[in-house]
Amino acid sequence: MKITFYGHNTLLIKVNDIHVLIDPFITDNPLSKDKVNINDIKTDYILLTHAHFDHVQDAEAIAKSNGAVIVSNYEIAMHYQNLGIKVHPMNHGGSWDFKFGKVKYVNAIHTSSFADGTYGGQPGGFLIEGEHKTIYIAGDTALTMDMKLIPLTTKLDLAILPIGDNFTMGIDDAIIASDFVECDKVLGVHYDTFGYIEIDQNEAKRKFFEKDKDLMLLEIGDSIEL
């Protein structure tokens, strides 16, 4: 499983030679717009955690150019189906075996609406299992006790957590979240894109290190392999 970071919460995951794009926000992302060309992104699926602009901006364009399937909650899926895009709707607690592996849609505490104010259903995160690895993509969320449910049934190899604070968990709560999901290997996302979520990266890494945890902060375009 190969995971490439495109900034904010945008990730491209390669599983069994199938590409899965998460929350594409590139065109108006000041940190990635000059480094990533959405026309160069090839993907088979697009998973959307919620409907906010900074998570779905490029979903329509990339889905149409690739013939990709959008996977999200029912309301978001129907929004894109009405635009002529192939979709797979899900909801909290549900799972599905896709060509690349198993996906479960899990709880997140946040809000969810499209840029025009249209209701975007309830936000969520994803558990993705493939190539004998399992990752947790928390999406935009506060620290929640529901995270404690995950290790009851799933052993994680990586937790992908928001760390920018203000709109989501910050560093300290993300450390607790990693305890809740019982995974000390963390990829940080949703930070530094704009003023409200700028962080001190060295301090963040130090705090995780002091708790015997590994916080990875990737440069845009860099990848890790599990």
Side-chain angles (χ1 to χ4, degrees), residues 1-26 36 38 40-49 55 58-59 62-63 66-73 77 86-108 124-139 141 146-163 174 177-190 208 213-226:
M1 183 183 290
K2 181 179 180 181
I3 302 171
T4 302
F5 179 61
Y6 285 148
H8 207 53
N9 205 58
T10 307
L11 305 160
L12 185 64
I13 304 172
K14 183 181 179 183
V15 191
N16 297 320
D17 294 322
I18 295 176
H19 291 87
V20 181
L21 184 65
I22 311 297
D23 287 356
F25 169 59
I26 295 166
V36 182
I38 66 169
D40 294 335
I41 295 176
K42 304 304 178 187
T43 192
D44 303 287
Y45 294 87
I46 300 174
L47 274 57
L48 302 176
T49 60
H55 292 256
D58 296 309
I62 294 174
N66 285 270
V69 177
I70 288 182
V71 180
S72 192
N73 66 41
K86 293 180 288 185
V87 303
H88 182 105
M90 299 189 74
N91 221 318
H92 298 91
S95 60
W96 189 264
D97 289 322
F98 293 92
K99 291 181 180 179
F100 59 89
K102 184 176 181 180
V103 174
K104 185 174 184 179
Y105 190 68
V106 296
N107 193 38
F126 296 102
L127 294 173
I128 301 175
E129 181 181 348
E131 292 184 344
H132 307 293
K133 301 293 183 181
T134 303
I135 64 173
Y136 168 46
I137 300 173
T141 187
D146 285 349
M147 293 173 179
K148 287 192 170 187
L149 298 174
I150 291 173
L152 296 181
T153 57
T154 306
K155 180 175 175 55
L156 295 177
D157 296 284
L158 178 70
I160 301 174
L161 305 177
I163 58 173
S178 70
D179 287 335
F180 282 5
V181 301
E182 298 182 8
C183 183
D184 293 333
K185 189 172 184 178
V186 174
L187 176 61
V189 293
H190 208 278
F208 270 80
K213 300 175 185 293
D214 179 19
L215 173 66
M216 293 172 287
L217 302 178
L218 298 179
E219 296 293 330
I220 291 171
D222 283 354
S223 304
I224 59 171
E225 295 201 33
L226 301 179

Taking [Y]'s backbone N and O only, do any of them form a donor-acceptor pair with [X]'s side chain (distance below 3.5 Å, no angle check)?
X: N9; Y: H190; result: no
X: N66; Y: I62; result: yes
X: D23; Y: T49; result: yes
X: T10; Y: F25; result: yes
X: T43; Y: H19; result: yes
X: D58; Y: I26; result: yes
X: Y136; Y: I160; result: no
X: K86; Y: G67; result: yes
X: S72; Y: L48; result: yes
X: E131; Y: N16; result: yes

Handout entry: Gap between atom CD1 of I3 and atom NZ of K133 - 0.5 Å precision
Key = 11.0 Å

Fill in the blank from the handout: Scanning both residues in full, the closest heavy-atom pair of K102 with S95 reads CE-OG, 3.5 Å

Please tell me if the side chains of [X] and [Y] come closer than 4.5 Å, counting only heavy atoms from C-beta onward.
X: I46; Y: P24; result: yes
X: I13; Y: T4; result: no
X: K185; Y: L226; result: yes
X: D222; Y: F5; result: no
X: L149; Y: N107; result: no
X: I163; Y: L217; result: yes
X: Y105; Y: N73; result: yes
X: V71; Y: M90; result: yes

Practice task
Check whether the ring centres of Y45 and H88 lie less than 6.0 Å apart, and answer yes or no.
Solution key: no

Handout entry: Criterion side-chain contact (heavy atoms from CB on, under 4.5 Å) on D146 and V106, from CA distance to verdict
Key = CA-CA 9 Å; D146 285 349; V106 296; over 6 Å; no

Exercise for the section: May I ask you to say whether K213 pairs ionically with D179, meaning some side-chain N is under 4.0 Å from a carboxylate O? Expected result: yes

